[in-house]
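In what follows, chains are A, B, ... by sequence order, proteins preceding strands, each numbered from 1.
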Number of protein chains: 2
Amino acid sequence: MDRREQYREQTRQEAKRIALEQLAAHGLAGISVNAIGKRMGITGPALYRYFANRDALLTELISDGYHDLADTVEAALARARNGRLRAAATAIRDWARAEPHRYLLLFGTPVPGYEAPEHTLAAASRTMAALLSAAGPDTAKPRRSALYRQVTAWGERMGYGELSPRQLHWGLTVWSRLHGVISLEITNQFALSGVDPELLFKAEVDALAGWWTPES
Amino acid sequence: MDRREQYREQTRQEAKRIALEQLAAHGLAGISVNAIGKRMGITGPALYRYFANRDALLTELISDGYHDLADTVEAALARARNGRLRAAATAIRDWARAEPHRYLLLFGTPVPGYEAPEHTLAAASRTMAALLSAAGPDTAKPRRSALYRQVTAWGERMGYGELSPRQLHWGLTVWSRLHGVISLEITNQFALSGVDPELLFKAEVDALAGWWTPES
DNA sequence: CACTGGAGTTATAACTTCTAACAACGATTA
DNA sequence: TAATCGTTGTTAGAAGTTATAACTCCAGTG
């Protein structure tokens with residue numbers, strides 16, 4: 001990489017870093033081109049040399065977030081020997097708790113202009129693939145249902161190996177339930193109940209882990 | 001109510017109605033005082049006779065949303081004879097699908113300045129109480145755990161009748177899982193899988209209904 | 001009829017994003 | 001070495017935002 005390109009990349013990263021700080025401190029509206037520039041020691045319009053516009057900057061923050069989350073989950077799974085679901089789930093929750101504004105940037109209210117680019121969808125799929133790798137063995141014979149037909153098509157399209165429909169459905173359910181309990185926790189919606197969100201989270205993870213045993 | 005107060009209230013309602021339209025069309029940033037005023041045939045600053053500031057208007061939209069949702073769920077439960085959980089859950093989902101921007105205003109990324117006023121918390125509790133009224137009978141003898149201690153304290157504080165810890169935990173779980181699957185649906189995050197969100201939703205409701213039977 | 005208070009107006013300040021025109025500086029090339 | 005060119009920064013300005021202040025106007029009341 002060219003020397004100038006290095007400086008350029010460095011400047012871009014600094015802008016994004018400061019943007020995330022502003023996001024954490026003052027919300028999405030706090031990401032102001034002028035404010036970021038000021039904190040970098042340059043004027044606002046100078047930033048337009050690095051980003052086409054404010055939306056482009058936001059879009060990069062979102063893409064970075066997806067990749068960061070996928071990396072985190074994959075790393076946690078690489079470390080885990082058993083209890084793979086718990087490891088992945090805890091990694092997601094910890095990531096969300098450490099930077100709730102970032103989690104909400106990805107999964108909260110959508111940013112109006114944003115359309116996910118290709119490689120971002122790939123990162124999202126990596127996270128899902130990681131979750132699916134924690135699925136238990138499916139011994140039951142497959143039933144026929146609209147849901148199972150659809151998840152089968154999805155699994156084939158994404159190339160999710162030899163997973164059964166039940167395992168694929170489990171993957172979507174894992175994601176849905178984790179998102180439910182995590183997003184309510186970081187938006188403080190459990191505060192009204194006074195219940196420790198961690199206990200609710202663990203109960204959900206246990207329920208998901210028990211998906212494979214209560215073959216009754 | 002005074003005649004002038006009636007007009008005043010009418011104007012306030014019109015402003016909020018238009019604000020919701022702007023929210024649906026252009027997101028939170030689309031709620032502009034000037035834009036609302038223009039659509040009402042008055043200038044922007046005139047609206048400050050009716051709302052202290054833009055945040056106050058947003059706050060009212062949120063409060064109205066909580067009450068509207070609670071009303072909807074209670075009405076659905078009043079109609080339902082059996083399948084009370086399904087009735088309540090479907091009511092929430094339908095409400096969210098009909099006005100996703102409103103659902104996200106309540107449960108998506110929090111609006112920076114907003115702190116829920118007292119009567120809003122009451123409306124949130126009404127929704128939870130409605131859900132809890134759909135709990136099945138709990139015949140098992142109560143175990144001891146940190147979670148059960150905490151939900152018991154919550155139930156006593158809120159006056160949720162004679163519900164067991166298991167039923168209270170179920171209520172929080174219902175809310176968490178429904179929020180998970182509904183919020184992912186309306187933010188289109190299931191689109192990548194191509195799976196019909198309704199099937200995932202129904203599967204979650206079935207699982208929650210089955211909470212009381214798999215006493216194995 | 002006079003008066004008072006609410007509801008609207010315009011003007012203005014201080015922000016915002018973003019474009020255009022211009023200056024300066026570093027690296028490459030003749 | 002000297003000229004040129006591209007990149008990065010600047011300031012100025014347009015068009016938008018929230019919000020306040022000052023002013024007008026009109027309806028209802030005593």
Is there a side-chain polar atom (N or O) of [X] under 4.0 Å from OP1 or OP2 of [N]?
{"X": "A/Ser32", "N": "C/dT16", "value": "yes"}
{"X": "B/Tyr50", "N": "C/dG8", "value": "yes"}
{"X": "A/Thr43", "N": "D/dG9", "value": "no"}

Can you tell me how far [atom2] of [N] sits from [atom1] of [X], to the nearest Å?
{"X": "A/Leu58", "N": "C/dT17", "atom1": "CG", "atom2": "P", "value": "10 Å"}
{"X": "A/Asn34", "N": "D/dT10", "atom1": "CG", "atom2": "C1'", "value": "13 Å"}
{"X": "B/Glu9", "N": "C/dA7", "atom1": "CD", "atom2": "P", "value": "12 Å"}
{"X": "A/Leu47", "N": "D/dT7", "atom1": "CG", "atom2": "C1'", "value": "15 Å"}
{"X": "A/Asn53", "N": "D/dG16", "atom1": "CG", "atom2": "P", "value": "18 Å"}
{"X": "B/His26", "N": "D/dT17", "atom1": "NE2", "atom2": "C1'", "value": "15 Å"}
{"X": "B/Phe51", "N": "C/dA7", "atom1": "CZ", "atom2": "P", "value": "12 Å"}
{"X": "A/Arg8", "N": "D/dG9", "atom1": "CZ", "atom2": "C1'", "value": "13 Å"}

Which of the following nucleotides, C/dG8, C/dC18, D/dT17, is nearest to the side chain of A/Arg54?
->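 Of all the options, the side chain of A/Arg54 is nearest to C/dC18.
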Would you check if there is a donor-acceptor pair between the side chains of B/Arg84 and B/Ser133 at a distance under 3.5 Å?
-> yes
Going by atom types alone, do A/Glu9 and A/Gln13 pair a side-chain donor with an acceptor below 3.5 Å?
->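 Indeed, the side chains of A/Glu9 and A/Gln13 share at least one donor-acceptor pair under 3.5 Å.
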Assert yes or no for the condition that the ring centre distance of B/Trp154 to B/His169 is strictly below 6.0 Å.
->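 Ring centroids of B/Trp154 and B/His169 are no less than 6.0 Å from each other.
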Between B/Tyr7 and B/Pro45, which is nearer to the 5' end of DNA chain C once each is assigned its nearest nucleotide?
->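 In this pair, the answer is B/Tyr7.
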Could you check B/Leu200, B/Leu199, B/Asp196 and say which one makes a side chain to side chain contact (heavy atoms under 4.5 Å, CB included) with B/Phe190?
->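 Option passing the side chain to side chain contact (heavy atoms under 4.5 Å, CB included) with B/Phe190: B/Leu200.
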